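Chain letters run A, B, ... following the sequence lines, proteins first, then strands; residues in each count from 1. Keep in mind that what you see is a predicted model, and the values were worked out from it rather than measured.
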Protein chains: 2
Amino acid sequence: MSSIDIELANTIRQDIIEGTLEHGARITEAKLCDWHNVSRTPVRLALRRLEQEGMIRKGDGRGYVIEGISVDDIRQAVQVRGHLESLAARLMAQRDNQKDSLDKMNQAVLQMDSLTNMGRLDDAIIREMHASNVEFHSAILDGCGNDYVKFTCGQISHLPMLAAGSMVFDRDSISGNKDIEKSILRLKIGNSQHRIIYEAIVQGDAVRAEGMMREHSNTMIEYIETFETRNTKLTVSDLVSYTVQSSQEMNSETVEQVKQ
Amino acid sequence: MSSIDIELANTIRQDIIEGTLEHGARITEAKLCDWHNVSRTPVRLALRRLEQEGMIRKGDGRGYVIEGISVDDIRQAVQVRGHLESLAARLMAQRDNQKDSLDKMNQAVLQMDSLTNMGRLDDAIIREMHASNVEFHSAILDGCGNDYVKFTCGQISHLPMLAAGSMVFDRDSISGNKDIEKSILRLKIGNSQHRIIYEAIVQGDAVRAEGMMREHSNTMIEYIETFETRNTKLTVSDLVSYTVQSSQEMNSETVEQVKQ
DNA sequence: GATGGATATTTGGGATCCCAAATATTCTAA
DNA sequence: TTAGAATATTTGGGATCCCAAATATCCATC
């Protein structure tokens with residue numbers, strides 16, 4: 001288990017994302033101490049961390065102010081992440097002898113293939129799909145040869161939907177068991193993009209790898225937009241509930257060790 | 001003046017960049033307290049900050065270990081930053097009515113024009129050139145409509161050469177007053193790229209804007225490589241000495257307020 | 001009643017203290 | 001002499017205390 005200040009930062013971040021702590025609200029160290037029954041030392045550390053993440057900012061005089069996260073923020077961050085991944089794909093295509101990462105990518109593609117071919121979408125399968133997706137995307141960041149791409153991606157991965165290889169599912173459709181085929185089709189299309197990216201990298205086709213990754217990254221943005229057309233008052237919490245959370249999420253602690 | 005922990009983080013970061021604190025060296029809170037005559041509270045805050053930046057990492061058991069920065073790290077980070085700027089250029093070209101930012105860019109281009117036409121490269125002129133360069137690059141980040149691009153750039157801007165609009169000069173040539181024409185030519189070429197980027201954005205030519213920015217960003221990487229061919233043992237300190245430092249550098253505090 | 005200044009309270013930054021875990025050292029027994 | 005246990009020391013995390021700056025409250029004066 002992490003130290004209190006990390007846990008605290010996670011809790012407060014969650015509260016901000018969920019909207020429990022509203023945008024623009026003022027918070028003081030003392031209140032947080034009170035709420036969470038800890039002393040001011042870990043609270044201070046947690047606040048500094050959140051400040052560096054951009055979740056809160058120092059108020060004019062004293063105190064901190066909640067910055068909050070909007071759906072538009074998520075969209076923007078997804079765009080940044082996607083752009084960084086397209087760089088990673090290009091760089092990896094320009095290198096060679098990344099057998100390790102390539103094998104992982106291939107494995108992930110095959111695994112996702114067999115998963116989508118099962119024609120079902122229960123929790124276990126979704127979790128496995130997510131794992132494959134994480135595997136694929138992480139392998140590119142690891143194999144691109146530029147550690148700062150991964151590091152920089154890690155810097156925004158505390159936001160909802162922005163952890164490495166996050167997947168989005170249409171909760172409503174799945175729970176209602178309708179349009180399962182549609183969701184699976186979408187996953188198959190996504191995996192076909194994975195395969196193309198993999199092939200392009202193997203063949204050293206940097207332009208194609210980058211282009212396909214760019215297209216692939218757009219998928220999530222478009223998906224967010226379909227949510228928005230259906231639900232004009234789409235909240236960040238809604239988005240979170242659409243996102244698959246792995247049990248062992250990449251947290252900021254591991255992120256900081258990207259460079260080994 | 002900032003609080004002690006910010007200052008302390010800056011000092012320690014500087015020591016790491018300069019190599020005073022060597023890569024792999026172990027540091028303890030107590031020693032830092034001793035060296036800087038402060039209590040452990042600000043030291044802890046500074047260490048956490050540096051840890052988040054990736055400059056240090058927690059050791060296996062106790063203590064922290066210096067990660068250090070290599071020339072290759074800088075090259076990688078420059079690549080990431082350039083890629084993000086190319087995204088910004090594309091996004092800005094796709095928007096319209098960014099009159100404010102466009103004016104600033106145009107102003108910066110004109111200013112750089114007149115500066116390069118003076119045919120001299122003294123300190124004052126270099127400082128003004130740097131200011132124009134910062135103006136140009138900041139305007140794109142501000143005008144692209146995606147706050148996370150700027151925020152993410154800010155996350156790596158504590159590294160040498162990676163503050164917004166950093167410029168690199170061939171110190172040896174300038175101090176020796178030889179090859180001034182060559183340096184000025186390089187600056188003129190750079191500014192012609194600025195002008196093309198500006199024009200492309202005005203015309204809404206996203207592809208051209210992105211492509212030109214990508215090319216423009218490559219310049220610094222290539223310049224680093226010319227340094228390397230000349231000096232096979234190029235150190236990070238060398239690179240720092242080639243970099244123009246504005247008197248009012250964008251520090252981490254302002255970076256955190258990107259989102260306003 | 002409004003205004004300005006004096007006083008009280010809140011609040012964040014820094015220092016110090018305590019504690020448990022990790023590490024180093026010493027000592028004992030085979 | 002050496003392995004291993006017992007002890008001492010170092011070290012980081014957390015709690016608490018102090019202080020100065022910022023803010024709020026109150027009161028006297030006009």
Side-chain angles (χ1 to χ4, degrees), chain A residues 1-13 15-16 21-68 251-257, chain B residues 1-16 21-67 251-257:
Chain A
M1 188 58 78
S2 312
S3 43
I4 293 186
D5 61 295
I6 307 271
E7 293 296 317
L8 201 58
N10 292 339
T11 308
I12 298 172
R13 191 186 306 112
D15 285 343
I16 294 173
L21 293 171
E22 283 174 28
H23 170 86
R26 296 192 115 78
I27 46 172
T28 64
E29 294 183 357
K31 277 180 188 163
L32 290 170
C33 293
D34 211 28
W35 293 341
H36 299 95
N37 280 315
V38 288
S39 81
R40 282 181 48 209
T41 309
V43 169
R44 295 250 301 275
L45 290 167
L47 288 178
R48 292 307 186 89
R49 178 173 289 264
L50 293 171
E51 189 192 0
Q52 235 178 329
E53 290 175 2
M55 305 287 295
I56 63 177
R57 62 166 221 271
K58 286 211 201 73
D60 287 333
R62 295 180 297 185
Y64 285 85
V65 179
I66 306 290
E67 264 301 327
N251 61 32
S252 50
E253 232 182 334
T254 55
V255 168
E256 284 151 26
Q257 291 172 14
Chain B
M1 185 59 80
S2 312
S3 43
I4 292 185
D5 61 296
I6 307 273
E7 293 296 318
L8 201 59
N10 292 338
T11 308
I12 299 171
R13 191 187 305 113
Q14 205 57 33
D15 286 343
I16 295 174
L21 293 172
E22 283 175 28
H23 170 87
R26 297 193 113 78
I27 45 171
T28 63
E29 294 183 358
K31 277 180 188 162
L32 289 170
C33 293
D34 211 27
W35 293 341
H36 298 96
N37 280 316
V38 288
S39 78
R40 283 182 48 208
T41 310
V43 169
R44 296 249 305 272
L45 290 168
L47 288 178
R48 294 308 188 89
R49 177 173 291 263
L50 293 171
E51 190 193 0
Q52 236 178 330
E53 290 175 2
M55 306 287 295
I56 63 177
R57 62 165 221 271
K58 284 211 203 77
D60 287 333
R62 297 180 296 185
Y64 285 86
V65 179
I66 306 289
E67 266 300 327
N251 62 30
S252 49
E253 233 184 332
T254 54
V255 168
E256 285 152 24
Q257 292 172 12

Between C:dG12 atom P and B:Ile6 atom CD1, what is the distance in whole Å? 15 Å
In Å and rounded to the nearest 0.5 Å, what is the CD1 to CG distance from A:Ile27 to A:Asp15? 9.5 Å
Apply the test side chain to side chain contact (heavy atoms under 4.5 Å, CB included) to residues A:Glu67 and A:Ile56: give CA-CA distance (whole Å), side-chain angles for both, the deciding distance (0.1 Å), then the verdict. CA-CA 5 Å; A:Glu67 264 301 327; A:Ile56 63 177; 5.6 Å; no
Could you check how far CG of B:Asp60 sits from P of D:dT11, rounded to whole Å? 16 Å
Table of protein N/O atoms under 3.5 Å from nucleotides 17-22 of chain C N/O atoms:
unit_1 : atom_1 : unit_2  : atom_2 : d
C:dA22 : N3     : B:Arg62 : NH1    : 3.2

Could you list by number each residue of residues 24-39 of chain B showing a heavy-atom separation from DNA chain C of less than 4.0 Å, or answer none if no residue does? B:Val38, B:Ser39
Between B:Ile66 and B:Glu22, is any pair of side-chain heavy atoms under 4.5 Å apart? no
Can you tell me how far apart CD (B:Gln52) and CZ (A:Arg49) are? Round to the nearest 0.5 Å. 4.5 Å
Any chance you could measure A:Asn10, atom CG, to A:Asp5, atom CG, to the nearest 0.5 Å? 9.5 Å
Heavy-atom side-chain contact between A:Leu32 and A:Leu8 under 4.5 Å: no
In chain order, what residues pass the side-chain contact (heavy atoms from CB on, under 4.5 Å) check against B:Arg40, with sequence neighbours excluded? B:Glu29, B:Cys33, B:Arg44
Is B:Arg44 near enough to D:dG12 that one of its side-chain N or O atoms lies under 4.0 angstrom from OP1 or OP2? no
Expressed in angstrom and rounded to an integer, what is the separation of B:Leu47 atom CG from D:dG12 atom P? 8 Å
To the nearest 0.5 Å, atom OH of B:Tyr64 lies from atom NZ of B:Lys58 at 5.0 Å
For atom CD1 of A:Ile4 and atom C1' of D:dG12, their distance in whole Å: 13 Å
Return whichever of A:Thr41 or A:Gly63 has its heavy-atom-nearest nucleotide of DNA chain C closer to the 5' end. A:Gly63
